[in-house]
Asks: 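I am attaching a structure below and will ask some questions about it afterwards.
Excluded from the calculations below are hydrogen atoms, water molecules and symmetry mates; all remaining heavy atoms, backbone and side chain alike, are included. Count residues from 1 along the sequence.
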Amino acid sequence: MKVSFSMDSKLWRFFDYVGDMAALNLLFIVTCLPVVTIGASVTALNSVLFKRKEKRADDVKREYIRDFKANFKNSTIIWVIFLVFLFACGLNLAIVSQTDLTYRNQIMVGFGAVLAVMVMTVLYSFAVLARFENSWLDTVIKAFVIGILSFPYTVVIFLVLTAAVIASIQTYASIMAALAVWLLIGFALTGHLCSAMFYRAFRRFTRKEDLSEDTVDEAMYTLREQYRKEKMLKKHR
């Protein structure tokens, strides 16, 4: 069997993909270290993965740094608000858990539901920022709406993230192995899987004028128009 090492071969594309993911993973880890910059890092990661899917990312390192800077302000605002919410939610949960309220379990479940919606909104917010140009408030509103209306994709995203965490903490050996994977390619690979779901979720809500000028995704526009035509046909039946 012949093995091709040409630039267009599947083997070369695989090595190119692994190299890009490793570079993105390293950039993501480094830019997340201040903690307050995690929002901008997730946004930049999503942005590069979207561009790579559309074959618009010539240099992932340069693209990542550019998108990190471009979305830093809005991403950081959303991330800081989320951190404040997490702190308040954790404080309330701690107070409720130490009381003898009759409906304590129901209150805990309610907190859990609110937290899940908040996490969904934040995850979609970073993806929306990576894909569209909006203010941070418009981004949060659109993220909430898209997350609810794209519920199947939202469920898959949560399953991917949950499975990644659970698989990493089973045993001491799995923790050590997972640590190596996360440091090498884990964050980028998980982001790749989630960004694929975000990409599909956005198809229903994407207008060409909402995207930046360098975005080329004719398949998305075609599917969107097809979806709208099918919806109109159902209404007239």
Side-chain angles (χ1 to χ4, degrees), residues 1 3 5 9-50 52-53 57 60-61 63-65 68 75 79 82-83 85-87 89-91 93-94 97 105 108-109 111-127 130 147 151-201:
M1 185 177 75
V3 179
F5 289 96
S9 68
K10 291 182 180 180
L11 183 61
W12 182 267
R13 288 200 296 270
F14 172 75
F15 286 139
D16 184 52
Y17 169 80
V18 173
D20 283 350
M21 291 299 103
L24 282 174
N25 202 74
L26 179 59
L27 285 167
F28 179 79
I29 292 173
V30 171
T31 54
C32 279
L33 290 179
V35 179
V36 73
T37 60
I38 289 178
S41 300
V42 175
T43 302
L45 181 64
N46 279 323
S47 181
V48 174
L49 290 170
F50 287 148
R52 198 182 186 285
K53 182 177 178 63
V60 296
K61 296 181 285 295
E63 293 285 351
Y64 183 95
I65 293 171
F68 180 87
S75 299
W79 176 243
F82 178 61
L83 289 179
F85 172 83
L86 276 183
F87 176 77
C89 192
L91 186 62
L93 281 173
S97 64
N105 291 338
M108 299 286 278
V109 171
F111 270 120
V114 172
L115 181 60
V117 171
M118 189 66 178
V119 171
M120 175 204 74
T121 304
V122 170
L123 289 174
Y124 270 91
S125 292
F126 296 144
F151 188 70
Y153 296 119
T154 303
V155 171
V156 174
I157 291 168
F158 271 102
L159 288 176
V160 168
L161 295 175
T162 303
V165 172
I166 292 176
S168 302
I169 58 174
Q170 292 299 304
T171 63
Y172 178 78
S174 69
I175 293 174
M176 292 297 101
L179 182 61
V181 172
W182 285 112
L183 289 175
L184 290 173
I185 200 173
F187 292 106
L189 184 59
T190 304
H192 176 83
L193 296 174
C194 291
S195 67
M197 295 300 104
F198 289 131
Y199 196 85
R200 287 169 172 77

Asks: Measuring from M21:CE to L26:CG, what's the distance to the nearest 0.5 Å?
Replies: 13.0 Å
Asks: Just by distance, do the side chain of S41 and the backbone of T31 share a donor-acceptor pair under 3.5 Å?
Replies: yes
Asks: Which atom pairs, one a donor and one an acceptor, fall under 3.5 Å between side chains of residues 189-197 and the rest of the protein, sequence neighbours left out?
Replies:
residue: T190; atom: OG1; partner: G186; partner atom: O; Å: 2.9
residue: S195; atom: OG; partner: G191; partner atom: O; Å: 3.1
residue: S195; atom: OG; partner: H192; partner atom: O; Å: 2.9

Asks: For residues T37 and C32, report the shortest heavy-atom separation together with the two atoms involved.
Replies: OG1-CA, 4.0 Å
Asks: Between S125 and T121, is any pair of side-chain heavy atoms under 4.5 Å apart?
Replies: yes
Asks: With the side chain counted from C-beta on, respond yes when L45 and F68 share a heavy-atom pair under 4.5 Å apart, and no when they do not.
Replies: no
Asks: Ignoring hydrogens, what is the shortest heavy-atom contact between S75 and T43? Give both atom names and the distance.
Replies: OG-OG1, 2.9 Å
Asks: Decide side chain to side chain contact (heavy atoms under 4.5 Å, CB included) for L49 and Y199; before the verdict, give the C-alpha distance in whole Å, the side-chain angles of both, and the deciding distance to 0.1 Å.
Replies: CA-CA 10 Å; L49 290 170; Y199 196 85; over 6 Å; no
Asks: Quick one: CG on D20 to CG on N25, what's the gap to the nearest 0.5 Å?
Replies: 12.0 Å
Asks: Determine whether the aromatic ring centres of residues Y153 and F198 are separated by less than 6.0 angstrom.
Replies: no
Asks: Got a sec: does the CZ of F151 have more than 12 other heavy atoms crowding it under 6.0 Å?
Replies: no
Asks: Is any side-chain heavy atom of S47 closer than 4.5 Å to a side-chain heavy atom of Y64?
Replies: no
Asks: Would you name the heavy atoms of A188 and L24 that are closest together and state the gap between them?
Replies: CB-CB, 4.2 Å
Asks: What class does the angle between the rings of F85 and F82 fall in, given that below 30° is parallel, 30 to 60° is tilted and above 60° is perpendicular?
Replies: parallel
Asks: If you look at every heavy atom in F111 and C89, which pair is closest and at what distance?
Replies: CD2-SG, 3.8 Å
Asks: Might you point out which heavy atoms bring L27 and K61 nearest each other, and give the distance in Å?
Replies: CD1-CA, 3.7 Å
Asks: Could you tabulate the donor-acceptor pairs under 3.5 Å formed by side-chain atoms of residues 158-170, not counting sequence neighbours?
Replies:
residue: T162; atom: OG1; partner: F158; partner atom: O; Å: 2.7
residue: S168; atom: OG; partner: A164; partner atom: O; Å: 2.6
residue: S168; atom: OG; partner: W182; partner atom: NE1; Å: 3.0
residue: Q170; atom: NE2; partner: I166; partner atom: O; Å: 2.8

Asks: Quick one: pull up CH2 in W79 and CD1 in I38 and give me the separation to the nearest 0.5 Å.
Replies: 4.5 Å
Asks: May I ask you to test the L115-L86 pair for a side-chain heavy-atom distance under 4.5 Å?
Replies: yes
